[in-house]
Protein chains: 2
Amino acid sequence: MMKDPLASYPGYVLRRAAHASGAELTARLEPLGLRQSDVSMLILIEANPGITASALGRMLDIQRANMVPILKRMEDAELIAREAIDGKSVGLELTRAGTAKLSKARAVIDAFEAELLERVPVEHRNHLLPALNALWREPDQQG
Amino acid sequence: MMKDPLASYPGYVLRRAAHASGAELTARLEPLGLRQSDVSMLILIEANPGITASALGRMLDIQRANMVPILKRMEDAELIAREAIDGKSVGLELTRAGTAKLSKARAVIDAFEAELLERVPVEHRNHLLPALNALWREPDQQG
DNA sequence: CATGATTGCTATTGTTCATAGCAAAAATTA
DNA sequence: TAATTTTTGCTATGAACAATAGCAATCATG
């Protein structure tokens, strides 16, 4: 049996866990024609109707330049609509089809998240989310 | 303030945490001229001298095809050496320079991992690694 | 020995993410 | 108000990473 010293590195295990679970979620969303970033955007647009592309990008840590093709794809699929706020900014909203698609996606995601948590032994389960949130957000941003 | 319903999705938070910590580690390794995959390979080669490229790829979940350029880069940098095991397989080993480089990298990584854990509130800290390991490895592979 | 699996590789593609630059439109400041 | 700075949405581009298909040589198996 090979030695695997990497198993004790939180950073490495984090990487592997994220990759594994990400690949699985991507596969489950594929039949809906959505990617992970699509769904997170749909969720945030639904929760914040009229949000601008740049504000959305800031929440998701996606650069403005990289938002363009993603939003274009979702607009072409008629999942979102853009409405001018002023001469510069554009607000985003879900279309009816977008809302319907999101509810399907949410079912997939909810099931997935539940299964994910089930894999974690009960004694660790409730610690996962707060621990990860602490890793992600800078200490001063956590308030 | 924008609503962020994503903060309660373990899968999403996992993704963000992995991305954030990964970017930081990449930045810290950059002065050494190493990437994350380089270091994980160096660690595994040191722990398992003579390991083949394909076995290494299996441990790291990197396809054989994608191992080629990585190993070539590290061989060109004279961090690793290849030695024929038989007519087909090739064993990998660290060179002296590779061992020296790894010890520097390990210092960086150890500091990084320690800081990572420090960000996690103490009551959650010891749960992170086992929880993540449970997510990553399939239930039947955990024994 | 014949078949099948493994190894290391080439070639190619797709996705993601980062940077630089740009014009138009705010917002800020003097 | 006028001048300057910032923000927004975009184009273009390149690096890194990962996935697939295919191939010849070699090894393991029945």
Side-chain angles (χ1 to χ4, degrees), chain A residues 2 12 14-16 18-27 29-30 33-41 45 50-76 80-93, chain B residues 2 12 14-30 32-41 45 48 50-76 80-93:
Chain A
M2 290 286 159
Y12 177 78
L14 178 62
R15 207 159 98 101
R16 295 296 302 268
H19 185 259
S21 83
E24 191 174 336
L25 180 55
T26 296
L29 288 175
E30 200 266 347
L34 295 174
R35 304 181 192 172
Q36 290 188 52
S37 50
D38 296 341
V39 180
S40 43
M41 285 191 191
I45 293 172
I51 190 175
T52 63
S54 57
L56 191 52
R58 248 168 281 142
M59 291 185 78
L60 295 169
D61 260 325
I62 298 178
Q63 320 246 339
R64 269 171 303 146
N66 296 328
M67 297 288 293
V68 179
I70 304 179
L71 290 177
K72 175 161 188 348
R73 237 178 348 98
M74 292 209 285
E75 193 180 22
D76 289 348
I80 63 173
R82 314 195 201 204
E83 194 176 347
I85 292 178
D86 54 30
K88 183 171 65 168
S89 298
V90 179
L92 301 172
E93 285 179 13
Chain B
M2 292 286 160
Y12 176 77
L14 178 62
R15 207 160 98 99
R16 294 296 303 269
H19 185 259
S21 83
E24 190 174 334
L25 180 55
T26 296
R28 293 198 194 186
L29 289 175
E30 201 266 347
L32 290 178
L34 295 174
R35 304 179 194 172
Q36 289 188 54
S37 49
D38 295 341
V39 180
S40 43
M41 285 190 191
I45 293 172
N48 305 280
I51 191 175
T52 63
S54 57
L56 191 51
R58 247 167 300 178
M59 291 185 79
L60 295 169
D61 259 324
I62 298 178
Q63 320 245 340
R64 269 172 303 147
N66 296 329
M67 297 287 294
V68 179
I70 303 178
L71 290 178
K72 175 164 187 348
R73 239 181 343 99
M74 290 209 288
E75 193 180 21
D76 288 349
I80 62 173
R82 315 195 201 205
E83 194 176 346
I85 293 178
D86 53 30
K88 183 170 64 166
S89 299
V90 179
L92 302 171
E93 286 181 12

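Being a predicted model, the structure only gives us computed values, none of them experimental. Sequence lines set the chain letters: A, B, ... in the order given, protein chains first and strands last, and positions in each chain run from 1. Hydrogens, waters and symmetry mates play no part in the numbers below; they use all other heavy atoms, side chains included.
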Inset, instruction - By nearest nucleotide on DNA chain C, pick out whichever of A:Lys88 and B:Ala65 is the more 5' one. - result: B:Ala65
Legend entry - Any B:Ser54 side-chain N or O less than 4.0 Å from OP1/OP2 of C:dT7: yes
Inset, instruction - Would you tell me if any nitrogen or oxygen in the side chain of A:Arg64 comes within less than 4.0 Å of OP1 or OP2 on C:dC17? - result: no
Inset, instruction - Give, for atom CG of A:Leu92 and atom CE of A:Met67, the distance between the pair rounded to the nearest 0.5 Å. - result: 7.0 Å
Legend entry - Gap separating the OG atom of B:Ser37 from the CG atom of B:Asn66, nearest 0.5 angstrom: 10.0 Å
Inset, instruction - Establish, with yes or no, whether the OP1 or OP2 oxygen of C:dC9 is under 4.0 angstrom from a side-chain nitrogen or oxygen of B:Arg82. - result: yes
Legend entry - Below 4.0 Å: OP1/OP2 of C:dA18 and any side-chain N or O of A:Gln63: yes
Inset, instruction - For the residue pair B:Asp38 and B:Arg35, establish whether any side-chain heavy-atom pair is separated by less than 4.5 Å. - result: yes
Legend entry - A:Val68, nearest nucleotide to its side chain (from D:dC10, C:dG8, C:dC17): D:dC10
Inset, instruction - Report yes if some heavy atom in the side chain of A:Arg82 is under 4.5 Å from a heavy atom in the side chain of A:Leu71; otherwise report no. - result: yes
Inset, instruction - Round to the nearest Å and state the distance from A:Leu29 atom CG to C:dT15 atom P. - result: 15 Å
Inset, instruction - Check every atom of D:dT11, C:dC17, C:dG8 against the side chain of A:Asn66 and return the nucleotide holding the closest atom. - result: C:dC17
Inset, instruction - Figure out the CE/C1' separation between A:Met41 and C:dT16, and round it to whole Å. - result: 12 Å
Legend entry - Nearest-angstrom distance from the residue atom NE2 of A:His19 to P of C:dC17: 12 Å
Inset, instruction - Using a 4.5 Å cut-off on heavy atoms from C-beta on, say whether the side chain of A:Ile51 contacts that of A:Met59. - result: yes
Legend entry - Nearest-angstrom distance from the residue atom CE of A:Met67 to P of D:dA12: 19 Å
Legend entry - Separation of D:dA15 C1' from B:Glu30 CD (nearest whole Å): 13 Å
Inset, instruction - Indicate, yes or no, whether a donor-acceptor pair under 3.5 Å links the base of C:dA25 to the side chain of A:Asp86. - result: no
Legend entry - Phosphate OP1/OP2 of C:dT6: any B:Arg58 side-chain N/O under 4.0 Å: no
Legend entry - Closest-nucleotide ordering on DNA chain D, the 5'-leading residue of B:Ser89 and B:Ile62: B:Ile62
Inset, instruction - Write down the distance between CD1 (B:Ile70) and P (C:dC9), rounded to a whole number of angstrom. - result: 13 Å
Legend entry - d(CG, A:Leu71; P, D:dT8) in whole Å: 14 Å
Legend entry - Nearest-Å distance for atom pair NZ/P, residues B:Lys72 and C:dA11: 13 Å
Inset, instruction - Could you check A:Gly87 against A:Gln36 and say which one's nearest nucleotide on DNA chain C is further toward the 5' end? - result: A:Gln36
